[in-house]
Amino acid sequence: MSGFWVTTINERNKAAYWGFWAKHIFHIRYEPQALQPYKDLCKIIGGKKHFICSTNVDGQLEKAGFNRDKIFAPQGDYALLQCRTACTDEVYDNHAAIDSMLANMRTPLEVRESDIPRCPHCGDFLVPNLRCDGNFVEKPHIANYPNYEDYIIGAENKNLVLLEIGVGFNTPVIIRYPFEQIASQFKNATLVRINREDAFIQKGIENKSISIQADAAQVLKDVLGC
């Protein structure tokens, strides 16, 4: 399905829209087991006090063993659906729906009419719960932000490692820029930036930062082997 991406759903393309998304969600969210870099990171963190801010939506952190209560992930979750018009803040687990779509495809590219998910409140289409437009239902994901904020505030006068892994400039305001600001303002904070292409450090925090321009999976593997 290379080059094929359905961005919006309507009555005309609904079967193909979910033909694409059902396969995409299955291959990204449900088919893979925990990948090795996530398992390595979980072992490295161990029992240390931590909190994770992530823009990932694939469930890999939980699969690797991280506690969901210690994860702030504001971009959504491939495992959830929401009303297209956000008529409600409710979100819905999609595992059974995805399995049914894939098991009963009416063509290689289209799902059955009866498998197309609808909002139980307004009857409109359900769509993946991902931050992509102004109708994104963020309530279940933002709910953990106060705990994340409290963790950061509570670490102001403690030794704090800001471990940033593979964060580029797609959504830098969520992790990259805040981490730089924290490193600048907290006297005992150290920023560790691991990035294959964008590992450079902003001027002013060089003496409080470690830049590692390398593949993150290999770096985590090397750290675990030390």
Check against side chain to side chain contact (heavy atoms under 4.5 Å, CB included), Val127 and Arg84: CA-CA 6 Å; Val127 296; Arg84 176 177 65 160; 4.0 Å; yes
For Phe136 and Gln82: C-alpha separation, side-chain torsions, deciding distance, then whether side chain to side chain contact (heavy atoms under 4.5 Å, CB included) applies. CA-CA 8 Å; Phe136 173 61; Gln82 66 160 83; 3.7 Å; yes
Pair Leu41-Leu224, side chain to side chain contact (heavy atoms under 4.5 Å, CB included): steps then yes or no: CA-CA 8 Å; Leu41 179 62; Leu224 194 60; over 6 Å; no
Might you work through the salt bridge (charged side-chain N to carboxylate O under 4.0 Å, His left out) test for Arg193 and Glu180, ending with a clear yes or no? CA-CA 10 Å; Arg193 174 166 286 161; Glu180 290 176 349; 3.0 Å; yes
Where do Lys49 and Tyr151 land on the side chain to side chain contact (heavy atoms under 4.5 Å, CB included) test, with the steps shown first? CA-CA 9 Å; Lys49 289 185 177 182; Tyr151 180 87; 4.1 Å; yes
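If you chain together hydrophobic residues whose side chains sit under 4.5 Å apart, Leu130 and Tyr145 never meet in one group. Both Leu81 and Val57 are members of a single hydrophobic cluster when ILVMFWY side chains are connected at heavy-atom separations under 4.5 Å. Ile9 and Tyr92 end up in the same hydrophobic cluster when Ile, Leu, Val, Met, Phe, Trp and Tyr side chains are linked at under 4.5 Å. When hydrophobic clusters are built by joining Ile, Leu, Val, Met, Phe, Trp and Tyr residues whose side-chain heavy atoms come closer than 4.5 Å, directly or via intermediates, Leu162 is grouped together with Tyr177. Note on Ile212 and Val167: separate hydrophobic clusters, where clusters join Ile, Leu, Val, Met, Phe, Trp and Tyr whose side-chain heavy atoms are under 4.5 Å apart, directly or indirectly.
For the pair Ile25/Pro128, a side-chain contact is recorded, criterion being any heavy-atom separation below 4.5 Å from C-beta on. By the 4.5 Å heavy-atom criterion applied to side chains, Arg106 and Val111 are not counted as neighbours. Counting heavy atoms from C-beta outward, Arg112 and Trp18 have side chains that stay 4.5 Å or more apart. The shortest distance between side-chain heavy atoms of Pro117 and Asn94 does not fall below 4.5 Å. Contact annotation: the side chain of Phe186 approaches that of Ile152 to within less than 4.5 Å [non-hydrogen atoms, C-beta and beyond]. Put simply, the side chain of Leu220 does not reach to within 4.5 Å of the side chain of Val223, judged on heavy atoms. No side-chain heavy atom of His141 sits under 4.5 Å from any side-chain heavy atom of Phe72. Within the 4.5 Å cutoff, the side chain of Cys119 has no heavy atoms near those of the Phe125 side chain.
For the pair Asn13 (side chain) and Asn10 (backbone), a donor-acceptor distance under 3.5 Å is present.
Nearest approach of Gly168 to Asp198, heavy atoms of both residues: CA-OD2, 4.1 Å. Residues Asp115 and Ser100 approach most closely at OD1-OG, 2.9 Å, considering heavy atoms. In terms of heavy atoms, Lys48 sits closest to His50 at O-ND1, 3.0 Å. Looking at every heavy atom in both residues, Val137 comes nearest to Ala86 through CG2-CB, 4.0 Å. Pairing each heavy atom of Cys122 with each of Cys87, the nearest pair is SG-SG, 3.7 Å. In terms of heavy-atom proximity, Ala199 sits nearest to Ser211 at O-OG, 2.6 Å.
Rounded to the nearest 0.5 angstrom, Glu110 CD and Ile116 CD1 are separated by 9.0 Å. Put simply, CG on Leu191 and CD on Gln181 are 12.5 Å apart, with the number rounded to the nearest 0.5 Å. For the atom pair CG (Asn129) and CG (Asp77), the distance works out to 7.0 Å, reported to the nearest 0.5 Å. Separation of atoms CZ (Arg131) and CD1 (Ile174) is listed at 6.5 Å; rounding is to 0.5 Å. Between the OG1 atom of Thr55 and the CD1 atom of Ile175 there is a distance of 4.5 Å, given to the nearest 0.5 Å. Distance check, rounded to the nearest 0.5 Å: OG1 of Thr88 to NZ of Lys139 gives 8.5 Å.
Listed by chain and number, the residues in a side-chain hydrogen bond (donor to acceptor under 3.5 Å, both in side chains) with His121 are Glu90 (sequence neighbours excluded). Taking Asn147 as the reference, Asn144 meet the side-chain hydrogen bond (donor to acceptor under 3.5 Å, both in side chains) condition, with sequence neighbours excluded. Contacts of Glu149 classified as side-chain hydrogen bond (donor to acceptor under 3.5 Å, both in side chains), with partners at least two apart in sequence or in another chain: none. Under the rule for a side chain to side chain contact (heavy atoms under 4.5 Å, CB included), the partners of Ala73 that lie at least two apart in sequence or sit in another chain are Ile71. In this structure, the side-chain hydrogen bond (donor to acceptor under 3.5 Å, both in side chains) partners of Asn56, at least two apart in sequence or on a different chain, are Tyr38.
Atom CG of Asn170 is surrounded by 12 or fewer heavy atoms from other residues, nucleotides or ligands within 6.0 Å.
The pair Glu156-Lys187 does not count as a salt bridge, with every side-chain nitrogen at least 4.0 angstrom from each carboxylate oxygen. With salt bridges taken as basic N to acidic carboxylate O contacts below 4.0 Å, one links Glu11 and Arg118. In summary, Asp40 and Lys221 do not engage in a salt bridge, as defined by a charged side-chain N under 4.0 Å from a carboxylate O.
Note on ring orientation: taking the six-membered ring where Trp is involved, the planes of Tyr148 and Phe51 are tilted (angle from 30° to 60°).
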Just distance, no hydrogens or angles: give the donor-acceptor pairs under 3.5 Å from side chains in residues 58-66, sequence neighbours left out.
| residue | atom | partner | partner atom | Å |
| --- | --- | --- | --- | --- |
| Asp58 | OD1 | Gln60 | N | 3.2 |
| Gln60 | OE1 | Leu35 | N | 2.7 |
| Gln60 | NE2 | Gln33 | O | 3.1 |
| Glu62 | OE2 | Arg68 | NH1 | 2.4 |
| Lys63 | NZ | Arg29 | O | 2.5 |
| Lys63 | NZ | Pro32 | O | 2.6 |

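Judged purely by distance below 3.5 Å, without hydrogens or angles, the side chains of His24 and Tyr78 pair a donor atom with an acceptor atom.
Tested against Ile210 for a side-chain contact (heavy atoms from CB on, under 4.5 Å), the candidates Leu163, Ile201, Val192 yield a single pass: Val192.
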